[in-house]
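Labels below follow one simple rule: chain letters A, B, ... track the order of the sequence lines, proteins then strands, and each chain is numbered from 1. When reading the values below, keep in mind they use all heavy atoms of this one structure, side chains included, and skip hydrogens, waters and symmetry mates.
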Amino acid sequence: MSGDPRPIVTDGLAKRYGRVQALAPLDLVVDDGSVVGYLGPNGAGKSTTINLLMGYINPTGGAAWLRGHPAGSREARRGLSYIPPHSAYWPQLTGGETLHFLARLAGGDDPAERRRLTAAFEFDPGKKVGAYSTGNLQKLAIIAALATRPRLLLCDEPSTGLDPVMGAVFREEVKRLRGEGAAVLLSSHTMEEVEAVCDRVLIINHGVIVDDGTIADLKHLRAARVTIRFAGPRPDLAAVAGVTLVDAAEDRVVLDVAGSQSGLFAAFGAAAIESVETKTPSLEEVFLSYYDDRVDAANGRT
Amino acid sequence: MAERDGAGARAALGVAALVWRTNLRSALGWAGVVGVVIVFNALGYVRSFPAAADRQVAVSSMQSGGIRLLFGPAWHVDTVAGFTSWRAALLSLILSVWAIGTATRAYRGAEEVGSWKVLASGRLTRGEVFAATAGGLAALAGPVWLLVSAATALSALVTDSLQPVADYAFFGLILTLPPLVCLGLGALCSQVMPHRRSALGLAIAAVAALYLLRGVADVQDSAWAWASPFGWVERVEALVAPRYGVTALFILAAVVLFDLAWLGERRRDGAAALVRPRDERPDRLALLGSVVGAPLRLNARHIIGWCAGLSLLGVVTALVTDEGGRLTAASEQLSVILGETGEYDGAQGYLALVFVALGTVVALGGAGFTTSLLRQETSGQSRSILARPVRRLALVGADALTDVAALVVISAGAGTGVWLALLAQEADLSWAAAATAALTWLSAALVTYALGLAVLGWRPMFAPGLAYAFATCSFLLDIIGSAVKAPEWLLNLSFWHHVPDVPREQPGWGFCLWTGVAVAVLAGVGAAGYRRRDLA
């Protein structure tokens, strides 16, 4: 809300293009010192949200405030940095000139920080922008965004084109920023990246937030896969609440267990158990579980 | 093996067809423009010089050095066919400019965007893709030839001066062959230079040098004219006394240029060039401290290039003021366009037409600036700036300020070019008068640009098209409408019709005021829209 000092506050923020609801009313709060992952398939509404927060497009419903200022206003963009998925700069300028120009527009940067980032990302600022590869252009965007020491960072697929080593450097920089008390909204398809740096994850589908929680919460809510080997007769476990039978053999069952596993263990009774193996789902599996129908369709299953 | 060869041939044919189809529309567009010019030239000729006596005046007026420099020697301009044939060098120059643009886009442009990798990743090698592209480009000569030949035949039909159809087919061929040579030139420059823009620049310089060589040789009646394809075009005398053997020279030149390009292509890596780009340099931070200075820094070369080009055009067109003045006074058609009924100063009338032409080119430049604004937005460059605490109006305002300053400089450059040419001829036109005339026509460019801004604010994708359409239609409506004595209400729809007839008339305060108000209102409408709308 207006005057609310939190980095991001949205109240029913929505965007509609004709008959297409690109973003359903979104209520979102991002606090200082947190990194929020924003996940969803292509066209889910992630970039629309970020474009609305940046003021590049206007909402058709609700509103957004950045540190109490309406999104898109000049005040809202003070202390804000943005890393787009594909950067567009001026091919006739060098990387150094571009960094200087963008820093001046932002009110100045920290030269020592710029040098440190340039070294950390192994970036050569002496080349013309037109000669940079995709990865180097993305490094340029990241350095330009981070060199101003932002208090709020919005990232839309920031590691596009970066090699794994540079991806790790970027993750370290995001953690460093969080350590300094800044807030980060990170839209990404790289689950490893989200899992490594995010405190909280939002999952969006068809313009609607379908889940919101810490990574541990999300994993806990999803079924864990439990494989049990029996040394003797196998008890009937399919009737246990929260348990779904996936596969069964004479001495072995594979189950999906949602929520607490205490009921399952109670149902073992006196059965002789040789081994129990529990596999917690990865964030990617959690993410994919929201789009089972699409995954099935892609695999040709019904 | 035979099956593989067959598949390779089909793939090569597919690439050639793709190149042909991708560029067909522009080929037909440019050939159509040349066709229209041929028809209007012929119509203008018979209307301006209807009788044999009038044509003798034309013949005597067209023998000066300036005329020969621009158009070539006027050997047979006492007939429609001779007059049409005389313009062949200039018309082939127009098609040659299209050809080098097309060739550099097909070769260097494809390497810049990476599409060549897709084509060369299947059955075809890089060399085969090069050859297939050359085939597709060369095949574009077919529709160009057909259209130009048909337009030439039409020009003869409407002027009642028909010759055998084969003559028009040969004239069409002669106009098509220099562009074929220039396709080879564009292909060669694409191997030499690392970027499409620099390849195009080199090719344009080469074409300009060849045209100038022809001009200088024509002025001196020198055999050096045979060193330029544009000289060959003149010496073929296609519609008057055709020399069919000269066509071999064009074909030989095209083959040699394509062969040299092919050799160059083999000597370099994919996406590289024979000239290595200068990709590294020390930082130069001047003007990169704000949104106001940056557009000037980023567009300075562009503005200087436009200014130099328009100054040169001003010099070239004003160099023949004496001859142009005599022709204008003798031409009934031009008198009607200028609104003259009795005796009048032909030189002043000719200069008025020169400023109309220069003003229209500057206005088209204004439309081009709206294209640049749109490109800046769609490419994402605007977003890079607007991610910082910069107001949208500050961004577009700074760009508009630079564009307007550029239009002023370009107009002043054009006026100065005219003044310099007149100074060399000891004609009576002060620099202030020339500058005033050019700045009066700046109003047309400003209105065009402001209209582009207004549309950009609300429907950005339509902005360049509407701005170009406004300038082109206003010009055509004024010139053609005046020529055919269209009703005044129709002529009034053209902004061009309201611009004072400089240098014969001076702009009044009323004109300056209402033009200023129109520009301000249009810019305001655009700003209001741009401030609120979604970025493209």
| said: Heavy-atom cut-off 4.5 Å, strictly under: side chain, backbone, both or neither for Ile385(B) against chain A? | reply: both
Which N or O donor-acceptor pairs, by atom type, sit under 3.5 Å across chain B and chain A?
| unit_1 | atom_1 | unit_2 | atom_2 | d |
| --- | --- | --- | --- | --- |
| Asp279(B) | O | Lys128(A) | N | 2.6 |
| Arg281(B) | N | Gly126(A) | O | 3.3 |
| Arg281(B) | NH1 | Glu97(A) | OE1 | 3.4 |
| Arg281(B) | NH1 | Glu97(A) | OE2 | 2.5 |
| Arg281(B) | NH2 | Gln92(A) | O | 2.9 |
| Arg281(B) | NH2 | Glu97(A) | OE1 | 3.1 |
| Asp283(B) | OD1 | Thr94(A) | OG1 | 2.6 |
| Arg284(B) | N | Glu97(A) | OE2 | 2.6 |
| Arg297(B) | NH2 | Glu97(A) | OE2 | 3.4 |
| Leu298(B) | O | Gln92(A) | NE2 | 3.1 |
| Gln381(B) | NE2 | Tyr89(A) | O | 2.8 |
| Arg383(B) | O | Tyr56(A) | OH | 2.7 |
| Arg383(B) | NH1 | Asn51(A) | OD1 | 3.1 |
| Ser384(B) | OG | Ala88(A) | O | 3.0 |
| Leu386(B) | O | Arg77(A) | NH1 | 2.8 |
| Arg388(B) | O | Arg77(A) | NH1 | 2.7 |
| Pro389(B) | O | Arg74(A) | NE | 3.1 |
| Val390(B) | O | Arg77(A) | NH1 | 2.7 |
| Val390(B) | O | Arg77(A) | NH2 | 3.2 |
| Arg392(B) | NH2 | Gly55(A) | O | 3.0 |
| Arg392(B) | NH2 | Tyr56(A) | O | 3.1 |
| Arg532(B) | O | Asn58(A) | ND2 | 2.0 |
| Asp534(B) | OD1 | Asn58(A) | N | 2.6 |
| Asp534(B) | OD1 | Asn58(A) | ND2 | 3.4 |
| Asp534(B) | OD2 | Lys15(A) | NZ | 2.7 |
| Leu535(B) | N | Tyr56(A) | O | 2.8 |

| If you look at every heavy atom in Pro389(B) and Ala106(A), which pair is closest and at what distance? | CD-CA, 3.8 Å
| field | Side chain / backbone / both / neither for Ala144(A) at chain B, heavy atoms under 4.5 Å | value | both
| Is chain A contacted by the side chain of Pro282(B), its backbone, both, or neither, given a heavy-atom distance below 4.5 Å? | backbone
| field | Residue pairs involving residues 53-63 of chain A (criterion salt bridge (charged side-chain N to carboxylate O under 4.0 Å, His left out); sequence neighbours excluded) | value | none
| said: Nearest 0.5 Å, please: how far is CG in Leu99(A) from CG in Leu285(B)? | reply: 10.5 Å
| Measuring heavy-atom distances to chain B, does Leu154(A) have an atom under 4.5 Å in its side chain, in its backbone, in both, or in neither? | neither
